[in-house]
Amino acid sequence: MTRPVRFEVGDDGVGLVTLARPEKRNALDPATIEGLSAALAVAEADPRVRVVLLAAEGKDFCAGADLAHIEATVDDPRDALVEDARRMAAIFLRMRRLPKPIVAAVHGSALAGGAGLATACDLVLASEDARFGYPEIHIGFVPAMVMTMLVRIVGQKQAFELATRGEPIGAERARDLGLVNCVYSRHTFPEDSRSYAAELATRSPTALALTKELFYELDDLSFADGLERGAEVNADARTTDDCRAGLRAILARRRGEVPAAE
């Protein structure tokens, strides 16, 4: 039996997490969710990984929750259903707290929980043929956990429409709404998305981690508190080796000096 999630690290600082259940359109069953959690834990612990790239095998990124699993649990006690749903919530929380940027590379369909998985990433790249949608409403279901992220990204009116109409949108429309950062040709998408992640991986790891931490902290802070927290992060950043090396290199270039190799 093949593993539903693969993980590998390249020489470019990119940790590639691949959904590898193409025969099921990479639907999220318990084994896949467990595999994702394990892959993210390994990526966080591996010092070679500076950026995580989440991609998928087959014609689609992810068709959402495995409906056979959902159907099999509908008669379970409510407490058991809540615990089952919390497994996916835990993935979203792990992604948010991971100190390394997570980039989704979406091709084909990203629907329901699959769209939620992409939405939970810090950055989203899309092939021109990608489709995003939250169609749970059509089967009497609700994109419940995804809404926490969706409303923050696209705003109340757009999020409500996406959740209640349940209609898929293309890559360009998703970019217009702020769900997608970049759209690439489907012919060069694997190379383009890898190149994007590898270029991001050239940034300072400590600066990336501090930026991500502060970025999401601001969700819960007032304007004044956000500025105060920003002052603290500003001070923390100045003390890092990466910042000190970067400052020395810039000042040396301005003086016309060749910075020493480090």
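- For the residue pair Asp29/Thr32, the side-chain donor-acceptor check at 3.5 Å is satisfied.
- With hydrogens and angles ignored, the 3.5 Å screen pairs no side-chain donor or acceptor of His107 with any backbone N or O of Pro190.
- Residues Ser222 and Asp225 bring a donor and an acceptor atom of their side chains to less than 3.5 Å of each other.
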### Task
Check the pair Glu57 / Arg21 against salt bridge (charged side-chain N to carboxylate O under 4.0 Å, His left out), numbers first and verdict last.
CA-CA 7 Å; Glu57 286 186 354; Arg21 204 182 176 215; over 6 Å; no
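- Taking 4.5 Å as the limit, every side-chain heavy atom of Tyr216 sits out of range of all side-chain heavy atoms of Leu214.
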### Message
Run Arg131 and Asp60 through salt bridge (charged side-chain N to carboxylate O under 4.0 Å, His left out) and show every step you take.
### Response
CA-CA 9 Å; Arg131 296 190 317 147; Asp60 292 310; over 6 Å; no
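- Within 6.0 Å of the CG atom in Asp219, the count of heavy atoms belonging to other residues, nucleotides or ligands exceeds 12.
- With hydrophobic clusters built from ILVMFWY side chains whose heavy atoms lie under 4.5 angstrom apart, Val151 does not share a cluster with Met88.
- Checking each of Leu177, Leu111, Val124 against Phe132 for a side chain to side chain contact (heavy atoms under 4.5 Å, CB included) leaves exactly one that passes, namely Val124.
- To the nearest 0.5 Å, atoms SG (Cys62) and CZ (Arg25) are separated by 9.0 Å.
- Under a hydrophobic clustering in which Ile, Leu, Val, Met, Phe, Trp and Tyr are joined whenever their side-chain heavy atoms come within less than 4.5 Å, directly or via other members, Val180 and Met149 fall into the same cluster.
- Here CZ of Arg238 is found 9.5 Å from CG of Leu247. Values are rounded to the nearest 0.5 Å.
- Side-chain N or O atoms of Lys212 include one that pairs as donor or acceptor with a backbone N or O of Leu98 at under 3.5 Å.
- Classification of Glu44 and Lys100 as a salt-bridged pair fails, no side-chain N sitting under 4.0 Å from a carboxylate O.
- Val103 belongs to a hydrophobic cluster whose other members, connected by ILVMFWY side-chain contacts under 4.5 Å either directly or through intermediates, are Val14, Leu16, Val51, Leu53, Leu123, Leu125, Tyr184, Phe189, Tyr196, Leu200, Leu208.
- Between the side chains of Tyr134 and Thr119, at least one donor-acceptor pair of N or O atoms lies under 3.5 Å.
- A distance-only check finds no donor-acceptor pair linking the side chain of Ser37 to the backbone of Glu34 [under 3.5 Å].
- Here the CD atom belonging to Gln156 is positioned 12.0 Å from the CE atom belonging to Met147, to the nearest 0.5 angstrom.
- Applying the salt bridge (Lys or Arg N to Asp or Glu O under 4.0 Å) rule to Lys24 yields no partners; only residues at least two apart in sequence or on another chain are considered.
- More than 12 non-hydrogen atoms from other residues, nucleotides or ligands lie less than 6.0 angstrom from CZ of Arg255.
- Between the side chain of Ser204 and the backbone N or O of Ala207, at least one donor-acceptor pair lies under 3.5 Å.
- Comment: Glu83 does not engage Arg87 in a salt bridge, judged by the lack of any side-chain N to carboxylate O separation of less than 4.0 angstrom.
- A salt bridge does not link Glu191 to Arg194: none of the charged side-chain nitrogens sits closer than 4.0 Å to a carboxylate oxygen.
- Put simply, the side chain of Arg254 never gets that close to the backbone of Ile250: no donor and acceptor are under 3.5 Å apart.
- In this structure, Ala89 and Met145 approach most closely via the heavy-atom pair CB-SD, 3.4 Å.
- How far CG of Leu28 is from CG of Leu19: 7.0 Å, rounded to the nearest 0.5 Å.
- Contact detail for Pro101 and Arg50: the closest heavy-atom pair is CD-O, 3.5 Å.
- Looking at Thr73, its side chain never comes within 3.5 Å of a backbone N or O of Asp76 through a donor-acceptor pair.
- Contact detail for Ala118 and Val106: the closest heavy-atom pair is CB-CG2, 3.9 Å.
- Rounded to the nearest 0.5 angstrom, Asn234 CG and Thr239 OG1 are separated by 10.5 Å.
- Connection of Leu40 to Val42 is established within a shared hydrophobic cluster, with ILVMFWY side chains joined at heavy-atom distances below 4.5 Å, either directly or through further cluster members.
- Under the 4.5 Å side-chain heavy-atom criterion for grouping Ile, Leu, Val, Met, Phe, Trp and Tyr, Phe61 is connected to Val17 within one hydrophobic cluster.
- Taking both residues in full, the closest heavy atoms of Val52 and Ala43 are given as CG2-CB, 3.8 Å, listed atom of the first, atom of the second, then distance.
- Between Lys157 and Leu162 the shortest side-chain heavy-atom distance does not fall below 4.5 Å.
- Under the 4.5 Å side-chain criterion, counting only non-hydrogen atoms from C-beta, Phe223 is not in contact with Leu218.
- Proximity of a side-chain donor or acceptor of Ser185 to a complementary backbone N or O of His187 within less than 3.5 Å is detected.
- Pairing each heavy atom of Arg165 with each of His138, the nearest pair is O-NE2, 3.2 Å.
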### Task
Please test Met95 against Leu117 for side chain to side chain contact (heavy atoms under 4.5 Å, CB included), starting from the C-alpha separation and ending with a verdict.
CA-CA 9 Å; Met95 294 169 72; Leu117 190 60; 3.9 Å; yes
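- If you chain together hydrophobic residues whose side chains sit under 4.5 Å apart, Ile153 and Leu54 fall into the same group.
- Under a 3.5 Å cut-off, the side chain of Asp66 and the backbone N or O of Ala27 do not form any donor-acceptor pair.
- One finds no salt bridge joining Arg186 and Asp129 here, because no Lys/Arg side-chain nitrogen approaches an Asp/Glu carboxylate oxygen to under 4.0 Å.
- Here the straight-line distance linking atom CZ of Arg86 with atom CZ of Phe92 works out to 15.0 Å at 0.5 Å rounding.
- Salt bridge Arg48/Asp12: absent, no basic N to carboxylate O contact under 4.0 Å.
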### Message
Could you walk me through whether Leu150 and Leu179 satisfy the side chain to side chain contact (heavy atoms under 4.5 Å, CB included) test, starting with their C-alpha distance in whole Å, then the side-chain angles of each, then the deciding distance to 0.1 Å, before giving a yes or no?
### Response
CA-CA 8 Å; Leu150 194 59; Leu179 284 170; 3.7 Å; yes
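- Taking the side chain as every heavy atom from C-beta outward, Ile137 and Val142 never approach each other to under 4.5 Å.
- The two atoms that bring Ala126 and Ala171 nearest to each other are CB-CB, 4.0 Å, heavy atoms only.
- The shortest distance between side-chain heavy atoms of Asp241 and Thr206 does not fall below 4.5 Å.
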